[in-house]
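Remember, predicted model here, so these are calculated numbers, not experimental data. Each residue takes its place number in the sequence, starting with 1. Numbering of ligands and ligand atoms starts at 1, following listing order.
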Amino acid sequence: MENQTWHTLSPEETLEKLQTTTSGLSAEDIAARREKYGPNELEEKAGKNPLIMLWEQFTQTMVLILLAAALISGFLGKEIETIAILAIVVLFAVLGFVQEFRAEKAMAALKKMSVPTVRVRRAGQVQEIAAPELVPGDILLLEAGNIVPADLRLLESANLRVQEAALTGEAEAVEKITEALNIPDLPLGDRKNMAYLGTNVTYGRGIGIVTGTGMNTELGKIATMLQEVKNQETPLQKRLDRLGKMLALIGAGAASLMMGIGVLLGESLEEMFLTAISLAVAVVPEGLPAVVTITLAIGAKRMLKRNALIRKLPAVETLGSVTVICSDKTGTLTENRMTATTLKLPDQHVELEELKEKNGHSETVKMALCIGAWCNDASITFGPENEEFTIIGDPTEGALLVAAARAGLQCHLDTLPRVSEYPFDSERKRMSTVHRLPDNTTETFFEFWRGKDFMSFTKGAVDSLLQISSHIWVNEKPEQLTQTWQEEIQQANEALASEGVRVLGLAYKTLSALPEKPEDELEQDLIFVGMIGMTDPPRTAVKPAIAECRNAGIRPIMITGDHPLTASAIARELGISENVNAVTGETLLKLTDEELRETVKEISVFARVSPEDKLRIIAALQQNGEVVAMTGDGVNDAPALKKANIGVAMGITGTDVAKEASDMVLMDDNFATIVAAVEEGRVIYDNLIRFIKFSLGGNLGKVLVMLAAPLLGIHIALKPLQLLWLNLLTDGLMGLGLGTEPSEKLTMEKPPRHPEQPVLTGPDLRYVLWSGLLIGIISLVTGYWYYNPANPDDHTWQTMIFATIGFTQIGNAFGLRAHVSSPFTFKTNPLFLILTFITVGLQLLAIYFPPLQKIFGLVPLSIQQLGISFGLGIVLFVANRLEKMLRK
Ligand code: ATP
């Protein structure tokens, strides 16, 4: 659509120009427009070009060194070596490429999953579709929390406010209108009857007609800027990169040393050059970057299986060091399956369960239940038998509809149409609706209202209602709300709340005219009618998850908009903390930042908090050195989600804005899923450390063999090709097997890892040292045992070194496995078994398959010799077990 002055057209002109009506496009129109305009997507350069990815593999330092080695061998006329090294280069490159490609694919798939759904009216029906399906002319329904999915000309705005910072840089939300604006070149920020792709609806509702999609939007025009976003490297990746560089230096040092020794001993320069290069290659764990990427990506996949959708790859790693999980209560810790149980009126107490059997409730009961049903955005539909029903909308509101229906009340909106409203928000903790009163009605409680034109009903947190009420409904008439009444109601409220019940207050007022500004006129001088208590059972999986979480040294904290006593009761039931005393948002306001830092150390339940309080709580926790995961669902939660180390959005009830700001989305809104994701995060980290310990130990062993051999009179212990082969096998195959180990019992029994902790801790380094020494010494001594200078053409000694290094590495890998039951269970990680077979098979092939033998310069070993080197492999495994026992 080339017209950029949509804002100058009236709604009717816009509809006409886009050849549609307010009931939406027909199926044929949609198909034709889809064909013409393509999907509603910004063209992303997201995925790296596979060719570039492949090219990058060949430009890695190690591969370059190998290529140089191949070139030099070529010049020296060693064809076999040249071909073999080239083959290894290709193998490395392909391995690296495949892994990176798979990781990229996996992330792309995850990104696809977070495509938002939107509500449109098509052929007269409201439907939910994926945002990319939108076409120009679609009639789109907007509500608070949506990210505007295309450019729109607004047809309807009910207090619609849109924050357009993404486009205009202006942080203040803009109040939207529908009237045409007559200045064609108005700046975007002033086109108040338009809503643009990528901006956030912060308040109200609206309907718009799609004027532009995909690259044909205002955002599309500047999208090239947004596409440059690079895949972030995780802190671990950065630290490993540094480790890799350091090892490359060490490798270069070892290589020069090796070359010096060899040349001094009279070996030829060419021979030594190749050996030195191979040694350098042996020091560096080439597989590392690829293993890290693939392990993180596999981790993200595993998390998805457990209902946690990762939106930013670094989150996988950060999850492993989370120390505090701040969670909402309703829907995350509890089921959000609200059932109204109690009606508490100033002059009577009614158990709703009993109510449905009795007929003829008092007028006040009817009035209270109907206020709950009228001041309501949810809807209820009954099945054929009128027994079962489905609720659409907020469960709290649904519970009120069910309560009225169960009591046999027909509080239909047809008799009392809603004409205005002041929507719910979590700051006010209440909502109000205005209704036109009918002239004639059968309900007697209307008697009190007869003669008035409009009614306003308000429901919300009891404390917040009492503040704006002046009267109370007692004995079927309003009475002054005295201090005594205030206290009495507060007490009744607290009695209910301390049982873990959510309490909503109900109030009304009469109006003689339709309010012009609902937000100024509705919520004052109300008549308080009563309160209704509803239960919301804790989710079954949550209690054990909280116990697991605390066991793992992670503090769960409840942050809720609900009453402090309700919050404390649920917190006690779930075992959140020994101290379940709640601190309220009101108290938080009075604390200085210093005091808050102390408070968050003690307090695990925060009630009646606003989204701003959440931000302060996170900041205080982070200043105390905590790594914070924080859940959120509303528009106002976005800043807190961004500030948290791991922002967690709700997949089912969360808004687009919250999801967009998050690092991870809970597909099932369940707290237990966060704990599961933390566990996966820890497993991934543990596996990477396993891999690093394993490959560094092995590399140290090989370097030792090479450098110490001359002391025993052996000039070159292993040939370049033998070294490369071992490196490929050990680094690549067995290492990959370790990367997919499952969670072990210990995973969630140790405290979280400190985020600043070095990659390898003291014990890890000691492990690398002793295992490397052992591998080196065992292999070298074995080789020396078979070494006979009198018979230089018998390469049995060298083959023994080759075989022994291989087997000790396999033994080491077994020792490093996760302790689920025994190191020989493979159910938990079948890949490990497969890779072990492949590694052993290839090793035997190199020793016994004549063509390979020739290339590698190996000789066939006798059964006895093979048995010896196999047995020496077991030594490493046994040593690993001994070390574990000693450390215990
Ligand atoms: P959490 O933050 O744990 O999800 P919450 O869902 O109770 O808690 P809010 O949705 O902000 O938090 O609700 C805060 C308070 O507002 C509730 O305790 C209740 O008193 C009131 N409230 C909730 N929903 C409504 C509603 N639909 N209409 C009127 N008042 C409501």
Side-chain angles (χ1 to χ4, degrees), residues 144-145 325-338 340 371-379 391 393-401 421-433 457-468 493-494 496-497 500-507 522-523 526 531-536 538-539 542 556-571 574 576 582 584-586 605-614 617 630-637 640-641 648-650 652-655 658 666 669-671:
I325 304 178
C326 297
S327 172
D328 282 344
K329 174 178 70 68
T330 314
T332 315
L333 297 173
T334 66
E335 289 192 7
N336 208 0
R337 204 155 41 81
M338 299 278 175
I371 291 178
W374 279 322
C375 180
N376 205 308
D377 286 326
S379 63
I391 295 287
D394 176 19
T396 300
E397 305 205 318
L400 295 173
L401 292 182
E421 64 193 283
Y422 185 13
F424 173 77
D425 70 53
S426 45
E427 304 261 349
R428 278 163 41 246
K429 303 187 174 33
R430 56 182 184 246
M431 70 179 271
S432 303
T433 54
F457 301 123
T458 305
K459 72 174 197 306
V462 174
D463 25 354
S464 105
L465 277 200
L466 285 179
Q467 285 166 15
I468 51 169
N493 180 20
E494 282 168 16
L496 280 173
V501 170
R502 158 177 282 212
V503 191
L504 277 192
L506 306 160
L522 292 184
E523 298 185 344
L526 302 189
M531 45 200 154
I532 191 160
M534 46 188 85
T535 55
D536 176 20
R539 287 171 176 268
V542 166
I557 292 184
M558 177 197 281
I559 301 189
T560 174
D562 226 332
H563 193 281
L565 290 175
T566 313
S568 295
I570 304 274
L574 289 173
I576 287 213
T584 63
E586 211 180 335
V605 184
F606 294 89
R608 290 284 188 243
V609 289
S610 65
E612 288 85 84
D613 297 329
K614 280 192 176 180
I617 295 172
M630 164 78 84
T631 67
D633 47 14
V635 192
N636 304 339
D637 286 334
L641 291 179
V648 185
M650 299 298 137
I652 304 170
T653 55
T655 55
L666 300 182
D669 289 11
N670 193 339
F671 176 84

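- Atom OG1 of T535 and atom CD1 of I570 lie 9.0 Å apart (nearest 0.5 Å).
- Judged by distance alone, with hydrogens and angles left aside, the side-chain atoms of D669 form a donor-acceptor pair with the main-chain N or O of I652 at under 3.5 Å.
- Atom CD1 of I391 and atom OG1 of T396 lie 11.5 Å apart (nearest 0.5 Å).
- Note that CE of M338 is 7.5 Å distant from CG of D394, once rounded to the nearest 0.5 Å.
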Identify the protein atoms, limited to N or O, that lie within less than 3.5 Å of an N or O atom of ligand 1, and list each pair with its distance to 0.1 Å.
| from | atom 1 | to | atom 2 | distance (Å) |
| --- | --- | --- | --- | --- |
| ligand 1 | 2 (O) | G561 | N | 3.3 |
| ligand 1 | 3 (O) | K329 | N | 2.5 |
| ligand 1 | 3 (O) | T330 | N | 3.0 |
| ligand 1 | 3 (O) | T560 | OG1 | 3.0 |
| ligand 1 | 6 (O) | T330 | OG1 | 3.2 |
| ligand 1 | 6 (O) | R502 | NH2 | 3.2 |
| ligand 1 | 7 (O) | T330 | OG1 | 3.4 |
| ligand 1 | 7 (O) | R502 | NH2 | 2.1 |
| ligand 1 | 8 (O) | T330 | OG1 | 3.3 |
| ligand 1 | 8 (O) | T560 | OG1 | 3.1 |
| ligand 1 | 8 (O) | G561 | N | 3.3 |
| ligand 1 | 18 (O) | D562 | OD1 | 2.8 |
| ligand 1 | 18 (O) | R608 | NH1 | 3.1 |
| ligand 1 | 20 (O) | A461 | N | 3.4 |
| ligand 1 | 27 (N) | D394 | OD2 | 3.3 |
| ligand 1 | 27 (N) | E397 | OE2 | 3.0 |
| ligand 1 | 28 (N) | K459 | NZ | 3.2 |

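- R430 contributes atom CZ, which lies 11.5 Å from atom SG of C375 (distance to the nearest 0.5 angstrom).
- In terms of heavy-atom proximity, D613 sits nearest to G585 at OD2-CA, 3.5 Å.
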